[in-house]
Asks: 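Can you read through this structure? Questions will come right after.
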Amino acid sequence: MKTTVDLLRIGDKATITYVDLDKIPLKLLEMGCLPDNDLEVIQIAPFGDPIYLNVNNGSHLAIRKETAREIEVELHVK
């Protein structure tokens with residue numbers, strides 16, 4: 001099922017399918033937010049912003065909800 005990172009819940013694992021290169025900061029791309037990389041939602045702050053991710057079992061990132069809306073993923077089946 002395709003969705004965006006902002007709609008995931010804590011513990012969800014997914015594979016990145018699309019990233020809008022014009023809307024995502026270069027730093028996130030350098031840390032692994034690229035298509036075909038896996039991610040897991042580790043924590044979500046109160047009010048849903050920021051979202052704390054583990055990308056490729058190594059890069060831990062906190063991203064804003066508005067940025068998370070620009071990263072499309074395919075959810076792994078539990």
Asks: Between L28 and T67, what is the shortest heavy-atom contact and its length?
Replies: CD1-CG2, 3.6 Å
Asks: Would you say T15's side chain and D38's backbone share a donor-acceptor pair under 3.5 angstrom?
Replies: no
Asks: Donor-acceptor pair, D20 side chain versus I24 backbone, under 3.5 Å?
Replies: no
Asks: Restricting to non-hydrogen atoms, name the atom on H76 and the atom on A14 that form the minimum distance, rounded to 0.1 Å.
Replies: NE2-C, 3.4 Å
Asks: Distance-only, no hydrogens or angles: does the N56 side chain make a donor-acceptor pair with backbone N or O of N37 under 3.5 Å?
Replies: no
Asks: Taking the side chain as every heavy atom from C-beta outward, state whether C33 and V55 have any pair of such atoms under 4.5 Å apart.
Replies: yes
Asks: Can L61 be reached from L29 by stepping across I, L, V, M, F, W or Y side chains whose heavy atoms are under 4.5 Å apart?
Replies: yes
Asks: As a test of understanding, state which of I42, V5, I44, I71 forms a side-chain contact (heavy atoms from CB on, under 4.5 Å) with L53.
Replies: V5
Asks: Can you tell if the side chain of E74 reaches within under 4.5 Å of the side chain of I16, non-hydrogen atoms only?
Replies: no
Asks: Rounded to the nearest 0.5 Å, what separates atom OG1 in T3 from atom CD in E72?
Replies: 9.0 Å
Asks: Step through the shown structure and confirm whether more than 12 heavy atoms of other residues, nucleotides or ligands are within 6.0 Å of CZ on R69.
Replies: yes
Asks: Strictly distance-based, threshold 3.5 Å: is any side-chain N or O of D12 a donor or acceptor partner for the main-chain N or O of V41?
Replies: no
Asks: Rounded to the nearest 0.5 Å, how far apart are NE2 of H60 and CG of N54?
Replies: 4.0 Å
Asks: Are side-chain heavy atoms of V19 and P35 found at a separation under 4.5 Å?
Replies: yes
Asks: What pair of heavy atoms forms the shortest contact from L75 to K13, and how long is it?
Replies: CD1-O, 3.4 Å
Asks: Salt bridge or not for K65 and D6, using N-O below 4.0 Å?
Replies: no
Asks: Closest heavy-atom contact between S59 and M31?
Replies: OG-O, 3.0 Å
Asks: Taking the side chain as every heavy atom from C-beta outward, state whether L39 and L8 have any atom pair closer than 4.5 Å.
Replies: yes
Asks: Are L7 and V73 connected into the same hydrophobic cluster when the rule is that any two of I, L, V, M, F, W, Y join if their side-chain heavy atoms are below 4.5 Å apart?
Replies: no
